[in-house]
Each structure stands twice: as structure tokens, then as C-alpha cells.
Amino acid sequence: ETVAAPKMPAMPSNDTDRLGRLLARHQELHDPAREPRTGLRWLPELQRWQAARLKVSFRHFLHDERRAPAAEFFLSDVYGDRDFTRRNADIARVVPMMRRLLPKKLLGTVADAIELGVVTQELDLRMAEALETLAPRRRKLDDALYGEAYRRVGEGPQRERQIALIGRVGRGFGKALQMPGVAALLAFSRGPARLAGLGELQGFLERGYAAFESLDDAAAFVDEIERDEREVS
């Protein structure tokens, strides 16, 4: 017997417009021909240092059996130094299909994840510029130099937006667990997504859903991340 795909409410066009704009901006910020700052010497070291700092901040989550999967998901898929180009290319290819199939809240979470990448890259480029000025001959970052560059760049509202988006992505996956049909939809789309070459997008959605499924209290987990990141900032 053939099993029909679960039906989800249609996505308003203004939300898919937002997704398209964010994808275009993300591509622009990572294109060396359009954004020459991607070639700054300090950028890879900055991103490596920030990923290491975040892993230290998440150490208590990683040692907690229930919260470790969600913490790993944040480090690998949301706020780490992973290259999201392939995932975003997958999304760009199927925006109209996503509008038909994904629930509004989950598609909004995808858009929030891409916006987080945009804001992070914009800030990283500003930081790399500051480091080029502050330490043109140095090769390695430390806390003092990072803090000096951080204060020079400023951008308080953008930093707050970055932290808020971390929270929105986490809460979005937490709320997806409460939506009827989402688990069935992800399972149903696994084979077709891989056949269509959309494995990165499918994997992102499945990993996020599975990671938050293991949490007793997704909201408390996300609140703690936001609180910690604001304290660090």
C-alpha cells in the first residue's frame, strides 16, 4: 500500500522571499570575487579560535548525556566553523518545494539558521580587518588580542542579534518536536532528498530534530546558551 506524504500548511511568500534574500547575501559574503575580505590572513585563525572557544563554553553540555546531542548539533550545524555552502545550495534549489512541504515554523528556523550564518560572517570579516590592523605580524590569537579586536569592532546590536538568532534556531527545533507530522515528513523525504542530491539539507533537518528530541527541556537548554553567550560578550 502506498503511503501519502504528510501535508503541511503552505508557507507565506514573504517568508520564502526572506529565505531567498538571506541565501543571496550568504553567497555574496563567501564569494572571494565579490567580498575580497574573505582572503584576509586572519580570517581562518579567527574562525578556528572562535570554534575552540565555543567548544570550551559548551563543555558542561557535552558532558551531559541528554544535552550532548543538541550541543554537538550547535557546534557542527548552527554556530561552528563548518562550511555551509553545500547546505545553502541545496536550500536554494528547492525553496518552492520547501514552501509547499515544510511547516511555517520549521522553514522559519531554516531561515534563522542562514541569517545566523550571515550575521556571523559579517562580524568575522570586521574582526579579521581589525586584527590585520592590530597585529599585522602575529599568527595566533589569544584572549587579550581577541578582546581588543572585539571592542574595536563594537557592533553591539549585531552581536545581540547573533545571540538572539542562536536562541531562535534552538527554540525552532524544540517547537518542531511538538508539531504533528514533522517526524513522518522527515522520514518520508529521506530517500527522495538523497536521490535529488539534497543530502546536506536533509541531514541538517534530521540532525536538528533528533538532537532536540533527546532534551528534557529544550527551552531551558537554549536559555542557558543565550545567557552564557551574553555573559561572554
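What you see is a predicted model; the values in this text were computed from it and never measured. Both backbone and side-chain heavy atoms feed into the values below; hydrogens, waters and symmetry mates do not.
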A.B. asks: From Leu116 CG over to Gln162 CD, what is the distance, rounded to the nearest 0.5 angstrom?
C.D. replies: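 It is 6.5 Å, given to the nearest 0.5 Å.
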A.B. asks: List the residues meeting side-chain contact (heavy atoms from CB on, under 4.5 Å) with Ala149, not counting sequence neighbours, and say none if there are none.
C.D. replies: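 Counting only residues at least two positions away or on another chain, Ala149 forms a side-chain contact (heavy atoms from CB on, under 4.5 Å) with Met127, Ala130, Leu131, Leu134.
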A.B. asks: Starting at CG of Leu46, measure out to CD of Glu129 and round the result to the nearest 0.5 Å.
C.D. replies: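 Leu46 CG to Glu129 CD: 12.0 Å, rounded to 0.5 Å.
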A.B. asks: Taking the side chain as everything from C-beta on, heavy atoms only, tell me whether Ile166 gets closer than 4.5 Å to Phe74.
C.D. replies: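 When only atoms from C-beta onward are counted, Phe74 and Ile166 do touch, with a gap below 4.5 Å.
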A.B. asks: Is there a side-chain contact between Glu160 and Glu155 in this structure, where contact means two heavy atoms from C-beta onward sitting under 4.5 Å apart?
C.D. replies: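 Glu160 does not reach Glu155 side chain to side chain.
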A.B. asks: Working note: Gln47 + Gln121, criterion side-chain contact (heavy atoms from CB on, under 4.5 Å); need CA distance, chi angles, decisive distance, verdict.
C.D. replies: CA-CA 10 Å; Gln47 293 172 334; Gln121 180 73 353; 3.4 Å; yes
A.B. asks: Could you measure the distance from the NE2 atom of His30 to the CZ atom of Arg25? Nearest 0.5 Å is fine.
C.D. replies: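 It comes to 10.5 Å.
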A.B. asks: Under 6.0 Å between ring centres: does that hold for Phe61 and Phe221?
C.D. replies: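 Yes; Phe221 has its ring centre under 6.0 Å from that of Phe61.
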A.B. asks: Do Val110 and Val169 have side chains that get closer than 4.5 Å, going by heavy atoms?
C.D. replies: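 Side chain of Val110 against side chain of Val169, heavy atoms only: no contact under 4.5 Å found.
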A.B. asks: Out of curiosity, Ile114 CD1 to Gln27 CD, how far, rounded to the nearest 0.5 Å?
C.D. replies: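 Interatomic distance, Ile114 CD1 to Gln27 CD, rounded to 0.5 Å: 12.0 Å.
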A.B. asks: Partners of Arg161 by side-chain contact (heavy atoms from CB on, under 4.5 Å), sequence neighbours excluded?
C.D. replies: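 Only Arg18, Glu115, Val119, Gln158, Leu165, Arg168 meet the side-chain contact (heavy atoms from CB on, under 4.5 Å) criterion with Arg161.
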A.B. asks: So which heavy atom on Leu43 is nearest to which on Arg37, and how close?
C.D. replies: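 Taking every non-hydrogen atom into account, CD2-O, 4.2 Å.
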A.B. asks: To check you understand the geometry: which heavy-atom pair defines the closest contact between Ala68 and Leu62, and what is its length?
C.D. replies: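 Of all heavy-atom pairs spanning Ala68 and Leu62, the closest is CB-O, 3.7 Å.
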A.B. asks: For Arg41, does the CZ atom sit with more than 12 other heavy atoms under 6.0 Å from it, leaving out its own atoms?
C.D. replies: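 Yes, CZ of Arg41 has more than 12 neighbouring heavy atoms, counting only those of other groups under 6.0 Å.
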A.B. asks: Can you confirm whether Leu145 sits close enough to Trp49 that some side-chain heavy atom of one is under 4.5 Å from a side-chain heavy atom of the other?
C.D. replies: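 They are not in side-chain contact.
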A.B. asks: Taking the side chain as C-beta and beyond, is there a heavy-atom pair between Ile225 and Val222 under 4.5 Å?
C.D. replies: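 Counting from C-beta outward, Ile225 and Val222 never come under 4.5 Å.
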A.B. asks: Less than 4.5 Å apart, any side-chain heavy atom of Arg227 and any of Glu231?
C.D. replies: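 No, every pair of side-chain atoms sits at 4.5 Å or beyond.
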A.B. asks: Would you find a donor on one side and an acceptor on the other, under 3.5 Å apart, between the side chain of Arg159 and the backbone of Leu123?
C.D. replies: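 Here the side-chain-to-backbone pair does not exist.
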A.B. asks: Step through the shown structure and confirm whether more than 12 heavy atoms of other residues, nucleotides or ligands are within 6.0 Å of CZ on Arg59.
C.D. replies: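 Result for CZ/Arg59: open.
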A.B. asks: Looking at Arg171 and Asp112, is there a salt bridge between them, counting it only when a charged N and a carboxylate O are closer than 4.0 Å?
C.D. replies: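 Between Arg171 and Asp112 there is no salt bridge, as every charged N stays at least 4.0 Å from the carboxylate O atoms.
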A.B. asks: Under a single-linkage definition using a 4.5 Å side-chain heavy-atom cutoff for Ile, Leu, Val, Met, Phe, Trp and Tyr, are Leu40 and Leu29 assigned to the same hydrophobic cluster?
C.D. replies: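 No; tracing contacts between hydrophobic side chains, which count when under 4.5 Å, never links both residues.
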A.B. asks: Side chains of Asp31 and Thr38: closer than 4.5 Å at any heavy-atom pair?
C.D. replies: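 Side chain of Asp31 against side chain of Thr38, heavy atoms only: no contact under 4.5 Å found.
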A.B. asks: Do any N or O atoms from the side chain of Glu229 and from the backbone of Ile163 form a donor-acceptor pair under 3.5 angstrom?
C.D. replies: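 Not a single qualifying donor-acceptor pair exists.
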A.B. asks: Using a 4.5 Å cut-off on heavy atoms from C-beta on, say whether the side chain of Glu28 contacts that of Glu35.
C.D. replies: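 The answer is no, as the side chains (C-beta and beyond) never meet within the 4.5 Å cut-off.
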A.B. asks: Taking 4.0 angstrom as the limit, do Glu72 and Arg207 come out as a salt bridge?
C.D. replies: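 No, Glu72 and Arg207 are not salt-bridged.
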A.B. asks: My understanding is that only residues two or more places apart in sequence, or in another chain, count here; which of them pass side-chain contact (heavy atoms from CB on, under 4.5 Å) with Glu45?
C.D. replies: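 Partners of Glu45 under the side-chain contact (heavy atoms from CB on, under 4.5 Å) test: Trp42, Arg48, Lys140, Leu141.
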A.B. asks: Return the CD to CG distance between Glu224 and Asp228, rounded to the nearest 0.5 Å.
C.D. replies: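 Reported value, rounded in 0.5 Å steps: 5.5 Å.
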A.B. asks: What's the shortest heavy-atom distance between Phe212 and Gly174, and which atoms?
C.D. replies: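 Smallest interatomic distance, heavy atoms only, reads CD2-N, 4.1 Å.
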